[in-house]
Asks: 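Structure provided below as structure tokens; questions to follow.
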Amino acid sequence: MSTLAPHRLRFGVLSTARIGWTSVCPAIHASRNAELGAIASRDLGQAGDFAKEALIPRHYGSYDELLQDPEIDAVYIPLPNSLHLEWAIKAAERKKHVLCEKPLALTVGECLEMQAAADKSDVRLMEAFMYRFHHRTQRLLDMARGGVVGDLRMIRSAFTFRLTRPDNIRLRADLGGGALMDVGCYCVDISRRLAGTLPVEAQAWSTQGSSGVDTQFAGSLRFENGLVAQFDCALDIERREFVEVVGVDGTLVASEAFVSGPGGVEIVERHGRGPETRHAIAGEDPYQRMVEHFADAVLTGEPVRYGVADAAGTMAIIEALKRSAAAGGRPMPVEDQVQ
Ligand SMILES: NC(=O)c1ccc[n+]([C@@H]2O[C@H](COP(=O)([O-])OP(=O)(O)OC[C@H]3O[C@@H](n4cnc5c(N)ncnc54)[C@H](OP(=O)(O)O)[C@@H]3O)[C@@H](O)[C@H]2O)c1
């Protein structure tokens, strides 16, 4: 029997989630180094329908059954946020590598538990935060850190959209829903990445919807060097998506900053009243780039680019923001529990 590593990572998908259907399964199909081996649903018929439509060879009526499939190397987990912990750990225990949707878990403690399970079984674990894999994100980081607009003073960002279905998982507190967890996490993640460090303090206000989750959330982060990041997110406001980086010499603005479509995008650079420069970035599929990176890491034994420190750092900020909102906006320290 050959001991050579297979050339393609064989994925199993835990659930018939919408994001798997629209974005990640097509990305796995299109990838150069991964393929879809099986899908599982709590409903066998639904798994069968999905498998047929998405051209997946095997399907199962429970997630457990898929984890027992020896022809599956890795799982992609697009379950409601509150179920990421349980299924990432079960998958790791079955020696499956884990690509798990954002936010990785509900708390820093859960992120660390998941990583401990992955380490114990010697499998890779990565948060499926696809926007990090878009070239535009890297270009924005390079420009901001490279001094294009001088010393950074402010970061402003927003991610809002209007949810129309009342039965959506984002409106369920017991499933880890809410605006901050669903879309605010993008604003928090890009802010700390641009700052290059974790903030020391967080302050926030939230509006609770009738289902018990935050439907609107606004927060501020203070970094040790005086940099401030402000953001807002919502599940009941028309779609808005942007990041603005403010330096002493100018600004950089990325619109559609997180979920850009397949077309080209741009970063707009402005200095005072001078002419603006529009930096064009070619269209690409960040989901495919994410899948290919993850598969490369598994197949070559290299570490994943975004490990638990990335997920847990962002989650530490989210936890501090939640504490502040619960205390009516009192500033709360951000506790770095990883580095
Ligand atoms: N990266 C991105 O661009 C992106 C975009 C959207 C969402 N997400 C993330 O992906 C995850 C899923 O989001 P989604 O909008 O795709 O979810 P969704 O369409 O509601 O799907 C969630 C799936 O989880 C399964 N499930 C298991 N227990 C459940 C329960 N108690 N209630 C409801 N569903 C349950 C269901 O599959 P079965 O019935 O087949 O078992 C369901 O189809 C979340 O973590 C979200 O944050 C990421």
Side-chain angles (χ1 to χ4, degrees), residues 12-28 38-54 56 59-67 75-88 90-91 98-106 110-111 114 126-134 137 159 161 163-190 211 213 233 235 239 241 256-262 285-291 293-294 306 310-311 314-315 318:
V13 180
L14 296 191
S15 88
T16 56
R18 193 177 140 73
I19 186 62
W21 171 253
T22 59
S23 305
V24 180
C25 291
I28 295 172
I39 181 145
S41 169
R42 297 166 300 171
D43 179 321
L44 181 63
Q46 205 164 298
D49 291 346
F50 192 111
K52 197 169 159 205
E53 290 288 315
I56 302 176
H59 64 275
Y60 298 104
S62 77
Y63 308 148
D64 266 320
E65 281 174 87
L66 184 147
L67 294 185
V75 290
Y76 163 59
I77 303 182
L79 291 168
N81 300 332
S82 62
L83 298 177
H84 292 178
L85 173 77
E86 174 186 349
W87 288 100
K90 283 185 175 157
V98 177
L99 178 63
C100 179
E101 266 306 337
K102 48 55 65 178
L104 186 63
L106 301 183
E110 287 191 3
C111 295
M114 290 160 82
M126 191 175 85
E127 183 177 30
F129 228 145
M130 56 63 197
Y131 96 96
R132 294 173 181 158
F133 288 86
H134 199 295
T137 305
F159 196 162
F161 72 106
L163 251 188
T164 47
R165 292 189 47 180
D167 60 345
N168 193 282
I169 58 168
R170 289 158 184 77
L171 296 175
R172 294 267 305 269
D174 59 327
L175 296 180
L180 177 62
M181 289 293 277
D182 190 50
V183 280
C185 60
Y186 286 89
C187 302
V188 170
D189 196 71
I190 191 67
S211 75
V213 302
C233 57
L235 302 177
R239 188 148 191 128
E241 239 188 87
E256 288 176 48
F258 304 115
V259 186
S260 355
D285 180 358
Y287 296 95
Q288 186 179 335
R289 286 173 50 79
M290 171 183 78
V291 165
H293 166 73
F294 181 76
Y306 299 103
D310 287 279
T314 295
M315 192 47 65
I318 289 176

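Quick note: residue numbers are just sequence positions, from 1. A quick note: this is a predicted structure, and the numbers were derived from the prediction, not measured. Note that these values count all heavy atoms, side chains included, but never hydrogens, waters or copies made by symmetry. Remember, it's 1-based here, ligands and their atoms both numbered in the order they're listed.
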Asks: Determine the interplanar angle of the Tyr131 and Phe258 rings, folded into 0 to 90°, and report it as parallel if under 30°, tilted if 30 to 60°, perpendicular if over 60°.
Replies: perpendicular
Asks: Is there a polar contact, in the sense of an N or O pair closer than 3.5 Å, between Asp43 and ligand 1?
Replies: no
Asks: Polar-atom distance check: Pro103 versus ligand 1, any N or O pair below 3.5 Å?
Replies: no
Asks: Numbering the atoms of ligand 1 from 1, which are under 4.0 Å from a heavy atom of Tyr287?
Replies: 2 (C), 3 (O)
Asks: I need the nearest protein heavy-atom contact for atom 46 (C) of ligand 1: residue, atom name and distance, please.
Replies: Lys102 O, 3.8 Å
Asks: Assess whether side-chain contact (heavy atoms from CB on, under 4.5 Å) is satisfied between Val213 and Arg172, documenting all intermediate values.
Replies: CA-CA 7 Å; Val213 302; Arg172 294 267 305 269; 5.8 Å; no
Asks: Only counting residues at least two apart or in another chain, list the ones meeting side-chain hydrogen bond (donor to acceptor under 3.5 Å, both in side chains) with Tyr63.
Replies: none
Asks: Taking only heavy atoms of Leu83, which atoms of ligand 1 are found under 4.0 Å from at least one of them?
Replies: 27 (C), 28 (N)
Asks: For residues His59 and Asp49, determine if any side-chain heavy atom of one lies less than 4.5 Å from a side-chain heavy atom of the other.
Replies: no
Asks: For atom 39 (O) of ligand 1, which of the options His84, Arg18, Arg42 provides the nearest non-hydrogen atom?
Replies: Arg42
Asks: Going by the atom numbers of ligand 1, which of them fall below 4.0 Å from some non-hydrogen atom of Pro78?
Replies: 11 (C), 12 (C), 22 (C)
Asks: Against heavy atoms of Gln46, which atoms of ligand 1 measure under 4.0 Å?
Replies: 39 (O), 40 (O)
Asks: Any idea which protein heavy atom is nearest atom 2 (C) of ligand 1, and the distance to it?
Replies: Tyr186 OH, 3.6 Å
Asks: Is there a donor-acceptor contact under 3.5 Å from the side chain of Glu241 to the main chain of Phe159?
Replies: no
Asks: How far is atom 14 (P) of ligand 1 from the closest protein heavy atom, and which atom is that?
Replies: Arg170 NH2, 3.9 Å
Asks: Which option wins on minimum heavy-atom distance to atom 41 (O) of ligand 1: Trp21, Tyr76, Tyr63?
Replies: Tyr63
Asks: What is the closest protein heavy atom to atom 38 (P) of ligand 1, and at what distance does it sit?
Replies: Ser41 OG, 3.3 Å
Asks: State, with a plain yes or no, whether a side-chain heavy atom of Leu44 is found less than 4.5 Å away from one of Glu65.
Replies: no
Asks: Quick one: nearest non-hydrogen protein atom to atom 10 (O) of ligand 1, plus distance?
Replies: Glu101 CG, 3.1 Å
Asks: How close does the nearest protein non-hydrogen atom get to atom 45 (O) of ligand 1, and which residue and atom is it?
Replies: Asn81 OD1, 2.7 Å
Asks: Do Cys25 and Phe50 have side-chain heavy atoms sitting under 4.5 Å apart?
Replies: yes
Asks: Enumerate the atoms of ligand 1 whose separation from the nearest heavy atom of Leu175 is less than 4.0 angstrom.
Replies: 31 (N), 32 (N)
Asks: Under 4.0 Å between a Lys/Arg side-chain N and an Asp/Glu carboxylate O for Asp189 and Arg132?
Replies: yes
Asks: How long is the straight-line distance from CG of Asp182 back to CZ of Phe161, given to the nearest 0.5 Å?
Replies: 5.0 Å
Asks: Is there a side-chain contact between Ile318 and Met181 in this structure, where contact means two heavy atoms from C-beta onward sitting under 4.5 Å apart?
Replies: yes
Asks: Any chance the rings of Phe129 and Tyr306 have centres within less than 6.0 Å?
Replies: no
Asks: For atom 17 (O) of ligand 1, what's the nearest protein heavy atom and its distance?
Replies: Ile169 CD1, 3.3 Å
Asks: Could you identify the single nearest non-hydrogen protein atom to atom 24 (O) of ligand 1 and state the distance to 0.1 Å?
Replies: Pro80 CD, 3.2 Å
